[in-house]
2 protein chains.
Amino acid sequence: MDNVTIKMLAKELNLSTAAISKALRDSHEISDSTKQRVLELANRMNYIPNAYAGSLRRRKSNTIAVVLPEVADSFFSLAINGIESVAREKGYHVLIYLTHESFKREQDILKEFQSGRVDGILMSLTAETASYQHICALEAKNIAPLVFFDRVCDESNTAKIMTDDFESGYKATKHLIECGCKKIAVLSISNYLSISSKRLEGYKQALQDHSIPFDPINLIYCGNDADSNYRFIRKILHEKDRPDGILATVEKLTTKVYLACRELSLRIPDDIKIVSFSNLSAASLLNPSLTTITQPAFEIGKAAATVLFKSLDKKSFQLENIREVLPSELIVRGSTVSGQ
Amino acid sequence: MDNVTIKMLAKELNLSTAAISKALRDSHEISDSTKQRVLELANRMNYIPNAYAGSLRRRKSNTIAVVLPEVADSFFSLAINGIESVAREKGYHVLIYLTHESFKREQDILKEFQSGRVDGILMSLTAETASYQHICALEAKNIAPLVFFDRVCDESNTAKIMTDDFESGYKATKHLIECGCKKIAVLSISNYLSISSKRLEGYKQALQDHSIPFDPINLIYCGNDADSNYRFIRKILHEKDRPDGILATVEKLTTKVYLACRELSLRIPDDIKIVSFSNLSAASLLNPSLTTITQPAFEIGKAAATVLFKSLDKKSFQLENIREVLPSELIVRGSTVSGQ
DNA sequence: TTGAAAGCGCTAACAA
DNA sequence: TTGTTAGCGCTTTCAA
């Protein structure tokens, strides 16, 4: 295939490679006439700079990494859209790494970043992530600036873009209580993640403000296996003292709840009411339509990328301990109020 | 940050950089004892090879590109999962490029690949893509092997992984006819894509086999703007001789149909029946549940990546003109048959 | 079995 | 304004 190189251009024009390089980067120390000749030839010969030669020399890859648990989830896929929109504008490339909620994988990925492959990192933690040494190690070595989005690491001193999880948990729970729920179960995927604990705090606060005692039995931790999650949820809904309200902190669990209710002939919202954290565009089309806490997913991705590029632009690896909070929205629909 | 380099290891052990390099790659020309010493030190000093130095030298990036229209779509996000699962196993990195259905962007992205940034490319065409010079140019230059998935380019001689679009179009239409539809509209996003024309061919064949004349007025092309798509669909459903059956070839259009039907008080499936190409896991939970043509999205992604790596493994840029067809499935639900 | 040296393609001092 | 030179970190002949 043998691409056109700067050397070839130099030879062709009887110039040095340095002159070509500078001309291509529109340096002020090259005459306009030369620049023009270089650009013209580069264009004619279809010169494309070798991506890795420049990266090696300048220690800059023009590439960022996005590390997230999952892509087949409306929140994350929308966040990627937000990230990509900024990266594209900046002329950056986006490497994607899926952890599938595996802590081990998250560690391996971060370790790999020491290779200098990326200039910056956007990250959303695994549900399993309970220790933060791999993150501290990365930060200590000043490898690349790191920005967390959504599933942030409170123990880290870097920038974090998130939503108001406490308030969301509170609002959702309050709504369920006001709809008459007495026994509200929380479906969670992690007891480590800060978003989980914050949503849970909001839940507890709402209970307390309405004089409902908190019962740990209503905390339901689900794992990573869809089938066993389904069986687990079904079992809970089948019990005599089943919950009459569900707060699902993850979109994928909501499907399971709907299916279980259908199979057990539980009527939503009459027998049981459901609020879910979800960005599903079809939420309003479900049967019944789903009351959601909807996060500003695209905006979160965009904000995270924007903060990251701000630090890349000024070549400072050390990001301030920013904490940007974008509000989520409670959208009331048929799974909590009939006829909505 | 200053990472550990081969040079440092060499100095520390009083060996040449060549010896270190060979030892690290487990070359047979290095003694076991030396290998051991090198490995031990590399490990202790936490040596991570510079990603781009190796890539520059070996002209190999261990990176593939995935070029697709959109990530916030269940088909594509599942396909990415399939791709990532294979890439990870092979130790490859995955760059993601979203075209957002823009032909211009697709061209730019492909052009960029001449920089040698990626070893291989997985691609699904834009809805706008009607000319294939950018693809031919890429192939002619032997930049990197290219595998198409789903939205393939028939004009290219490379490998293609797809589903049985003709049969799917046929099955879906036949089903609608058997449910009593007389006037079936097809919602499409492109008159260029081969998947679109094949699904359309299937549609036409089914009509013909059931002695229903084909009327071009029932072909409805939607664009890239969600709002105007909605208004357009709503307008069509509001007309006196509106269709009594809809075949949506894209998931995102189905939401619009449901919304329009709701607003116009059209009952699904009584007044109008709907089949949609969709991988939405919530399809069975919609109101009414959605009859779908469901594609093997994960498997398509996996198959495409597998074919690509087969060619990367044997270092042949020229892929055979393979055409792998994985079957889609018609899943009958409530949007075509009441009570399902 | 090890080392010396060249060079992947590009950039950045420094010199001219 | 242009050229020379050195080198980013690694691999790969070829020689020792």
message: Counting only heavy atoms not in A/Tyr192 (residues, nucleotides, ligands), do more than 12 fall under 6.0 Å from its OH?
response: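 Count not over threshold, so no.
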query: B/Leu56 or A/Ser31: which one's nearest nucleotide on DNA chain D is closer to the 5' end?
result: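 On the 5' side of the pair lies A/Ser31.
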Rounding to a whole Å, what distance do you find between [X]:[atom1] and [N]:[atom2]?
| X | N | atom1 | atom2 | answer |
| --- | --- | --- | --- | --- |
| A/Met8 | C/dG9 | CE | P | 7 Å |
| A/Asp26 | D/dT1 | CG | C1' | 15 Å |
| A/Lys11 | D/dG3 | NZ | C1' | 17 Å |
| A/Arg37 | D/dT2 | CZ | P | 8 Å |
| A/Met45 | C/dG9 | CE | P | 13 Å |
| B/Lys7 | C/dG3 | NZ | P | 16 Å |
| A/Asp32 | D/dT1 | CG | C1' | 11 Å |
| B/Asn50 | C/dC10 | CG | C1' | 14 Å |

task: Return the 5'-most residue of the pair B/Ile30, A/Val4 with respect to DNA chain C, ranking by each residue's nearest nucleotide.
output: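 In this pair, the answer is B/Ile30.
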Could you go through residues 34-53 of chain A and list every donor-acceptor pair under 3.5 Å that involves a side-chain atom there, pairing it with any protein atom two or more places apart or in another chain?
unit_1: A/Thr34; atom_1: OG1; unit_2: A/Ser31; atom_2: OG; d: 2.6
unit_1: A/Lys35; atom_1: NZ; unit_2: A/Asp26; atom_2: OD1; d: 3.0
unit_1: A/Lys35; atom_1: NZ; unit_2: A/Ser27; atom_2: O; d: 3.0
unit_1: A/Arg37; atom_1: NH2; unit_2: A/Leu13; atom_2: O; d: 3.3
unit_1: A/Glu40; atom_1: OE2; unit_2: A/Arg44; atom_2: NE; d: 3.2
unit_1: A/Asn46; atom_1: ND2; unit_2: B/Gln114; atom_2: OE1; d: 3.1
unit_1: A/Asn50; atom_1: OD1; unit_2: A/Tyr52; atom_2: N; d: 2.8
unit_1: A/Asn50; atom_1: OD1; unit_2: A/Ala53; atom_2: N; d: 2.8
unit_1: A/Tyr52; atom_1: OH; unit_2: B/Arg117; atom_2: O; d: 2.4

- request: Using a heavy-atom cut-off of under 4.0 Å over every strand shown, decide if A/Asn14 touches base, sugar-phosphate, or nothing.
  value: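 Sugar-phosphate only.
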- prompt: Using a cut-off of 4.0 Å on non-hydrogen atoms, how would the nucleic acid contact of A/Thr34 be classed: base, sugar-phosphate, or nothing?
  reply: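 Answer is sugar-phosphate: A/Thr34 comes under 4.0 Å of backbone atoms only.
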query: How would you list all residue pairs meeting side-chain hydrogen bond (donor to acceptor under 3.5 Å, both in side chains) that involve residues 8-23 of chain B, not counting sequence neighbours?
result: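 For residues 8-23 of chain B: none.
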message: Using a strict threshold of under 4.0 Å (side-chain N to carboxylate O), is an ion pair present between B/Lys160 and B/Asp154?
response: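 Looking at B/Lys160 together with B/Asp154, the answer is no, because their closest N to O distance does not fall below 4.0 Å.
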query: Is any NZ, NE, NH1 or NH2 atom of the basic residue among A/Glu70 and A/Arg105 found under 4.0 Å from an Asp or Glu carboxylate oxygen of the other?
result: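 A salt bridge is absent here (no side-chain N lies under 4.0 Å from a carboxylate O).
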field: B/Pro49, nearest nucleotide to its side chain (from C/dG3, D/dT2, D/dC10)
entry: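 Taking heavy atoms from C-beta onward, the closest nucleotide is D/dC10.
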message: Applying ring-ring contact (aromatic ring centres under 6.0 Å, His included) as the test, list every pair that has at least one member in residues 88-112 of chain B; sequence neighbours left out.
response: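 Checked against ring-ring contact (aromatic ring centres under 6.0 Å, His included) - neighbours excluded - the pairs reaching residues 88-112 of chain B are A/His93-B/Tyr97, A/Tyr97-B/His93, B/Tyr92-B/Phe309, B/Tyr97-B/Phe113, B/Phe103-B/His134.
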field: Terminal axis angle for the helix from C/dT1-D/dA16 to C/dA16-D/dT1, five pairs an end, nearest 10 degrees
entry: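 Roughly 40° between the end axes, to the nearest 10°.
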- prompt: Okay, side chain of B/Thr99, backbone of B/Glu106: is any donor-acceptor separation there less than 3.5 Å?
  reply: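 Between the backbone of B/Glu106 and the side chain of B/Thr99 there is no qualifying donor-acceptor contact (under 3.5 Å).
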message: Checking A/Ser156 against A/Glu139: is there a side-chain donor and acceptor pair closer than 3.5 Å?
response: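 Yes, because at least one side-chain N or O of A/Glu139 sits under 3.5 Å from a partner of the opposite role on A/Ser156.
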message: Base contacts versus sugar-phosphate-only contacts with protein, heavy atoms under 4.0 Å: please encode nucleotides 11-16 of chain C as B, S and - from 5' to 3'.
response: BBBB--
field: Counterpart residues, side chain to side chain donor-acceptor pair (under 3.5 Å), relative to B/Glu128 (two or more places apart)
entry: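 Once residues adjacent in sequence are excluded, B/Glu128 has no partner under the side chain to side chain donor-acceptor pair (under 3.5 Å) criterion.
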